[in-house]
Amino acid sequence: MALLRYLLPPLFVILLSGCYETFSPDIDAKPVLCLNSVITAGEPIEVQVTHTWRFNDDRGAKDNTVTDAQVTVYANDAPVPEDYLPQEGDRIRIEVVSDTYGTARAEVAVPVAAPIEKVKVTPIVTDMWRGDEEFFHYEMLAVIKFNLNIELDIKDTSSGDNYYHFRYNWDSPSTDDSLDDDKWWYGEPTLTIGRPVYDLEPIFSEHVGAFETAMGNSEDINFVYFTDRQFAGKTYTLHLHFVDNLFSITSAEYDESLFDCHLNLYIETISGSYYKWAVYQWNTDEGILGELSDIGLAD
């Protein structure tokens, strides 16, 4: 037992250390044509065409655009004009030809939107402060601090594997240009959304493996992509908890309508390739593979 006690620390040092070596492989790597496009239903299709370059080629890293590319977009196997707007369920194929770099091809199906059946919002005001109008030279200053508990039902209706993305933003009627000038508006209201407690919603961490969990990489996950693996063909209730939201407003006079603000929630269906890209980004930035690569132990 004493021998093992002395052998284990050096063993861990060997396993958790790495080194870097810079070299230029003696290969003739011809640049390859690449295309990238994020397609959204109801929006024009934009295609970015580039080419690969060697890692030690500074010229390629600075400008890898392709100027002689011919791009053709197909929807359901038929070529479409430049002003075509893709629809849910369309099969989009993009083909690119370049005399310099060859050809590239990509295909994807536009996902079908998932119905949101019910939303339950429970706001909890934790603090509210209103300044003295006379002290602030007859301006009204107010600050509201609150939490939001939200339950949102998503119905998975499409067949096959489905992938989703959650996002949010906010707006206020007080920011409308048509606001009555007599209210002496002193700038737009400010809403600071507190960090969502994503840890309360386990579906956001379904991509985390047992190894990442054991290494502590499952905590503080800022990952808002998920699949229908746990509720295929059913309805799932997404639990969202926003803490320490802060809404502040300044105006020449008190008006209760100025306190109206809207938090917009979006559940977007995405393709499998987009989901895999998001998981790859998480692994690089937050996962154990990204951490190992920092010390030369991952590809």
Side-chain angles (χ1 to χ4, degrees), residues 24-114 156-167 206-207 223-229 232 266-287 289-290 293 298-299:
S24 296
D26 185 18
I27 58 176
D28 181 19
K30 184 178 179 180
V32 177
L33 193 66
C34 303
L35 71 91
N36 183 60
S37 179
V38 178
I39 300 173
T40 303
E43 297 184 8
I45 296 177
E46 296 184 3
V47 182
Q48 182 184 29
V49 182
T50 60
H51 64 81
T52 59
W53 68 89
R54 287 173 62 98
F55 75 98
N56 58 353
D57 184 357
D58 293 335
R59 294 173 301 172
K62 293 179 180 177
D63 184 12
N64 63 340
T65 58
V66 177
T67 58
D68 65 345
Q70 298 293 324
V71 180
T72 306
V73 178
Y74 297 85
N76 305 317
D77 298 325
V80 295
E82 293 184 0
D83 59 352
Y84 164 75
L85 300 179
Q87 303 300 314
E88 296 179 9
D90 283 354
R91 288 181 295 104
I92 307 299
R93 185 174 79 252
I94 302 175
E95 296 182 355
V96 182
V97 178
S98 167
D99 293 337
T100 306
Y101 300 104
T103 63
R105 181 179 182 274
E107 185 172 348
V108 70
V110 181
V112 177
D156 184 69
T157 57
S158 301
S159 59
D161 297 330
N162 297 304
Y163 306 86
Y164 301 95
H165 172 232
F166 165 72
R167 66 180 178 90
E206 64 178 0
H207 65 289
F223 190 83
V224 288
Y225 300 84
F226 58 98
T227 73
D228 68 343
R229 279 177 247 161
Y266 301 88
I267 298 295
E268 300 171 327
T269 50
I270 59 176
S271 64
S273 58
Y274 195 100
Y275 175 79
K276 292 176 182 177
W277 172 84
V279 173
Y280 167 78
Q281 291 292 328
W282 183 87
N283 281 319
T284 301
D285 299 334
E286 305 290 342
L289 290 180
S293 66
D299 203 1

(Q) Tell me if a side-chain donor or acceptor on Ser37 pairs with a main-chain N or O of Glu46 at a distance below 3.5 Å. (A) yes

Q: Just say parallel, tilted or perpendicular for the rings of Phe223 and Tyr225, cut-offs at 30° and 60°.
A: tilted

Q: Please tell me if the side chains of Leu85 and Pro44 come closer than 4.5 Å, counting only heavy atoms from C-beta onward.
A: yes

Q: Please test Asp77 against Arg91 for side-chain contact (heavy atoms from CB on, under 4.5 Å), starting from the C-alpha separation and ending with a verdict.
A: CA-CA 8 Å; Asp77 298 325; Arg91 288 181 295 104; 3.3 Å; yes

Q) Is the closest side-chain heavy-atom distance between Asp90 and Tyr84 below 4.5 Å? A) yes

Q) Hey, which of Tyr164, Tyr280, Phe226, Tyr163 is the one that makes ring pair (Phe, Tyr, Trp, His ring centres under 6.0 Å) with Tyr275? A) Tyr163

Q: Of all the heavy-atom pairs spanning Val112 and Ser158, show the shortest one and how long it is.
A: CB-OG, 3.6 Å

(Q) Would you say CD of Gln70 has more than 12 non-hydrogen atoms from neighbouring residues, nucleotides or ligands within 6.0 angstrom? (A) no

Q: Would you mind reporting whether Val73 and Ile92 have side-chain heavy atoms less than 4.5 Å apart?
A: yes

Q: Just jot down the side-chain contact (heavy atoms from CB on, under 4.5 Å) partners of Ser98, sequence neighbours excluded, or say none.
A: Leu33, Val66, Asp68, Thr100, Tyr101

**Q.** Donor-acceptor contact present, side-chain Asp228 to main-chain Asn162, <3.5 Å
**A.** yes

Q | Spacing of CD1 belonging to Ile267 relative to CZ belonging to Arg167, to within rounding of 0.5 Å | A | 10.5 Å

Q. Between Lys30 and Thr52, what is the shortest heavy-atom contact and its length?
A. O-OG1, 4.5 Å

Q) Of all residues at least two apart in sequence or in a different chain, which pass the salt bridge (charged side-chain N to carboxylate O under 4.0 Å, His left out) check with Glu95? A) Arg93, Arg105

Q: List the atom of His51, the atom of Pro31, and the distance in Å for their closest heavy-atom pair.
A: ND1-CB, 4.0 Å

Q. What's the shortest heavy-atom distance between Thr269 and Pro111, and which atoms?
A. OG1-CB, 3.4 Å

Q. Hey, what do you get for OG1 (Thr40) to CD1 (Ile270), rounding to the nearest 0.5 Å?
A. 11.0 Å

